[in-house]
Trainee: 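My structure is below; once you've seen it, I'll send some questions.
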Amino acid sequence: MRYTQLGRTGLKVSRLVLGTMNFGPQTDEADSHAIMDAALDAGINFFDTANVYGWGENKGRTEEIIGSWFAKGGDRRDKVVLATKVYGNMGPDGEAWPNHDKLSAVNIRRAVDASLRRLGTDHIDLYQFHHIDRATPFDEIWMAIDVLIQQGKILYVGSSNFPGYKIAQANETAARRGGTIGLVSEQCLYNLAERRAEMEVIPAAQEYGLGVIPWSPLHGGLLGGVIKKEAQGGRRASGRAADTLADPAARKQIQAYEDLLEKHGVEPGEAALAWLLTRPGVTGPIVGPRTREQLDSALRALELELGEELLASLDEIFPGPGPSPEAFAW
């Protein structure tokens, strides 16, 4: 396993991040424990979750599964850099009682204590704002975070799904207040097929020393060889991947991608992960395996070296937006 610093911090994290969103809804507790054991055995020390994972009436279930895994001992908790998120409505009926969601100081305090109980731990290494809260000023947010850091309940703070200007606003407010280093990571949608983050989010993250943690590195399965799997009678595309493939031009693009990688003898999903590992500012992509086999495939991506010719060909199929502001200014 390869490790890197998380943004401008001294924290060392693995270059693959174990995403746990499937634990509970699609992967039962025993299999989830087995996947976490395998990830730890492979050297993955960075685990990502969120208080809302489990979804619906089971919100919080994923954190509980991680907590029961920690409770098995064997230094599991000490070996893991644990990241979770706050923002979502935790009410099972989908309607939040006032102040039971988003980023008010009241909800941040309530949410972190609830996550700590479910996770069975006394601290969270990386506490992430799951979305922006337009109604709560960053002075209030950082006030709440300062207290939690002083109490030892959280160590670092990150963002998720933030636009570039909010990253700047958050960290400028933190710098003005003093006492906190501000955001140290940004978790964003970023992959070969979705490169808009290169316009503003990633430049802002690099400017402020945030590690970039891409989610959906296979774009909902679209970059995992979906057309070939369909032809072989495998699992059909769903969600974002199915919507994309319904567009003839997009389907042609994905077919060109799969044909290119078949020519080079490379598995599409592994190539998509390996590509992200070459991108400036990227700490490591989040992989969310439902099975041990999917985890093994992700681990193989760490050993995959993409040559200059292949990287150039991938850029031709999935061209990025170009540098900012030139890409939109002239």
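All residue numbers in this chain count up from 1 along the given sequence.
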Trainee: Answer with yes or no whether the side chains of Q150 and D146 bring together a donor and an acceptor at under 3.5 Å.
Mentor: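 Short answer, no.
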
Trainee: Return the OG1 to CG distance between T62 and N22, rounded to the nearest 0.5 Å.
Mentor: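 Separation between the atoms: 8.5 Å.
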
Trainee: Using the side chain to side chain donor-acceptor pair (under 3.5 Å) rule, collect all pairs that involve residues 307-329, keeping only residues at least two apart or in two chains.
Mentor: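 The answer is R195-D315, E200-S324.
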
Trainee: Are L11 and V184 connected, step by step, through hydrophobic side chains (Ile, Leu, Val, Met, Phe, Trp, Tyr) whose heavy atoms are closer than 4.5 Å?
Mentor: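 Yes: a chain of side-chain contacts under 4.5 Å links L11 to V184.
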
Trainee: Taking all non-hydrogen atoms of both residues, which atom of L223 and which atom of P217 are closest, and how far apart?
Mentor: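 Result for this residue pair: CD1-O, 3.7 Å.
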
Trainee: Please check if the side chain of Y257 supplies one atom and the backbone of P268 the other of a donor-acceptor pair under 3.5 Å.
Mentor: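 At least one qualifying donor-acceptor pair exists.
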
Trainee: Would F47 and L273 show up in the same hydrophobic cluster when neighbours are defined by side-chain heavy atoms closer than 4.5 Å?
Mentor: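 Linked, F47 and L273 end up in one cluster.
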
Trainee: Transitively linked via ILVMFWY side-chain contacts under 4.5 Å: V81 with V112?
Mentor: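 In one cluster: no.
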
Trainee: Please check this pair: side chain of R77 against backbone of V80, looking for a donor-acceptor N/O pair closer than 3.5 Å.
Mentor: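 Yes, the answer is positive, given that a donor and an acceptor are paired below the 3.5 Å cut-off.
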
Trainee: Hey, what do you get for CD1 (I149) to OH (Y156), rounding to the nearest 0.5 Å?
Mentor: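 Result: 10.0 Å between the selected atoms.
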
Trainee: Tell me, yes or no, whether the heavy-atom count around E262 atom CD, taken from other residues, nucleotides or ligands under 6.0 Å, exceeds 12.
Mentor: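 No.
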
Trainee: To the nearest 0.5 Å, what is the distance between CD1 (I227) and CG (L245)?
Mentor: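 It comes to 5.5 Å.
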
Trainee: Could you pull out all residues at least two apart from R292 that satisfy side-chain hydrogen bond (donor to acceptor under 3.5 Å, both in side chains)?
Mentor: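 If we apply the side-chain hydrogen bond (donor to acceptor under 3.5 Å, both in side chains) test to R292, skipping adjacent residues, the hits are D296.
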
Trainee: A quick test of your reading: do over 12 heavy atoms of other residues, nucleotides or ligands sit less than 6.0 Å from NZ of K72?
Mentor: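 It does: K72 NZ has more than 12 such atoms within range.
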
Trainee: Checking side-chain polar atoms at under 3.5 Å, does K153 have a donor or acceptor matched by the opposite partner on Y127?
Mentor: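 Checked: K153/Y127 side chains show no N/O donor-acceptor pair below 3.5 Å.
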
Trainee: Using only atom types and a distance under 3.5 Å, with no angle test, would you say the side chain of W142 pairs donor to acceptor with the backbone of A170?
Mentor: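 Yes, the answer is positive, given that a donor and an acceptor are paired below the 3.5 Å cut-off.
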
Trainee: If you apply the rule side chain to side chain contact (heavy atoms under 4.5 Å, CB included), what do you find for I213 with D48, and how did you get there?
Mentor: CA-CA 10 Å; I213 309 168; D48 176 74; over 6 Å; no

Trainee: Determine, step by step, whether F23 and Y53 satisfy the ring pair (Phe, Tyr, Trp, His ring centres under 6.0 Å) criterion, reporting the C-alpha distance in whole Å, the side-chain angles of both residues, the deciding distance to 0.1 Å, and the verdict.
Mentor: CA-CA 8 Å; F23 295 175; Y53 290 172; 9.8 Å; no

Trainee: Rounded to the nearest 0.5 Å, what's the gap from CD1 on I167 to CD on E186? Could you check?
Mentor: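 It comes to 4.5 Å.
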
Trainee: How many angstroms lie between CZ in F70 and CG in L119, if you round to the nearest 0.5 Å?
Mentor: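 Going from CZ on F70 over to CG on L119, the span is 6.5 Å.
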
Trainee: Linking I/L/V/M/F/W/Y whenever their side-chain heavy atoms sit closer than 4.5 Å, directly or via other members, would I66 and L40 fall into one cluster?
Mentor: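 Yes, I66 and L40 fall within the same hydrophobic cluster.
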
Trainee: Looking at R109, I'd like to know if its CZ atom is crowded, meaning that more than 12 non-hydrogen atoms belonging to other residues, nucleotides or ligands lie closer than 6.0 Å.
Mentor: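 At most 12 heavy atoms, drawn from other residues, nucleotides or ligands, come within 6.0 Å of this atom.
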
Trainee: Check whether Y3 reaches the backbone of G43 with its side chain - one donor and one acceptor, N or O, closer than 3.5 Å.
Mentor: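 Confirmed, Y3 side chain pairs with G43 backbone.
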
Trainee: When you measure from the side chain of N45 to the backbone of S14, do you find a donor-acceptor pair of N or O atoms at a distance under 3.5 Å?
Mentor: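 Yes; judged by distance alone, with no hydrogens or angles, the pair exists.
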
Trainee: With distance as the sole test, does Q294 use its side chain to make a donor-acceptor pair with the main-chain N or O of R290 at under 3.5 Å?
Mentor: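 Checking the backbone N and O of R290 against the side chain of Q294, a donor-acceptor pair under 3.5 Å is found.
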
Trainee: Would you tell me whether E63 and T84 have side-chain atoms, one donor and one acceptor, within less than 3.5 Å of each other?
Mentor: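 Note: E63 and T84 side chains meet the donor-acceptor criterion.
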
Trainee: Is it the case that the side chains of E270 and S297 hold a donor-acceptor pair, with the cut-off being a distance below 3.5 Å and no angle test?
Mentor: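 E270 and S297 do have a side-chain donor-acceptor pair below 3.5 Å.
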
Trainee: If you round to the nearest 0.5 Å, how far is CH2 of W55 from CE of M21?
Mentor: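 Going from CE on M21 over to CH2 on W55, the span is 6.0 Å.
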
Trainee: Find out if a path of hydrophobic residues (ILVMFWY) with successive side-chain heavy-atom gaps under 4.5 Å connects V86 to M143.
Mentor: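 In one cluster with V86: M143, no.
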
Trainee: How about L260 and L310: do any of their side-chain heavy atoms sit closer than 4.5 Å?
Mentor: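 Answer yes - side chains close enough.
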
Trainee: Mark yes or no for whether D133, through its side chain, and K102, through its backbone, hold a donor-acceptor pair below 3.5 Å.
Mentor: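 No, the answer is negative, given that no donor and acceptor are paired below the 3.5 Å cut-off.
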
Trainee: Establish, from distance only, whether the side-chain atoms of Q128 and Y87 form a donor-acceptor pair under 3.5 Å.
Mentor: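 No donor-acceptor contact under 3.5 Å links the two side chains.
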
Trainee: Please test F46 against D125 for side chain to side chain contact (heavy atoms under 4.5 Å, CB included), starting from the C-alpha separation and ending with a verdict.
Mentor: CA-CA 10 Å; F46 198 1; D125 299 304; over 6 Å; no

Trainee: Just checking, any donor-acceptor pair under 3.5 angstrom between side chains of K166 and Q169?
Mentor: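 A pair is found: one side chain offers a donor N or O, the other an acceptor, under 3.5 Å apart.
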
Trainee: Does the N171 side chain pair with the main chain of L183, one donor and one acceptor, at a distance under 3.5 Å?
Mentor: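 Side chain of N171 to backbone of L183, a donor-acceptor pair under 3.5 Å: yes, one is there.
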
Trainee: Ignoring hydrogens and geometry, is there a side-chain-to-backbone donor-acceptor pair from N51 to M90 under 3.5 Å?
Mentor: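 Flag not set: sc N51 to bb M90 has no pair under 3.5 Å.
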
Trainee: Which is it for L299 and M1 under the side chain to side chain contact (heavy atoms under 4.5 Å, CB included) test, yes or no, and what are the steps along the way?
Mentor: CA-CA 9 Å; L299 289 167; M1 180 56 59; 3.9 Å; yes

Trainee: Is there a donor in the side chain of W69 and an acceptor in the side chain of D37, or the other way round, less than 3.5 Å apart?
Mentor: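 Per modelled atom types, W69 and D37 side chains form a pair under 3.5 Å.
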
Trainee: Do any N or O atoms from the side chain of H219 and from the backbone of L189 form a donor-acceptor pair under 3.5 angstrom?
Mentor: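 A pair under 3.5 Å: no.
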
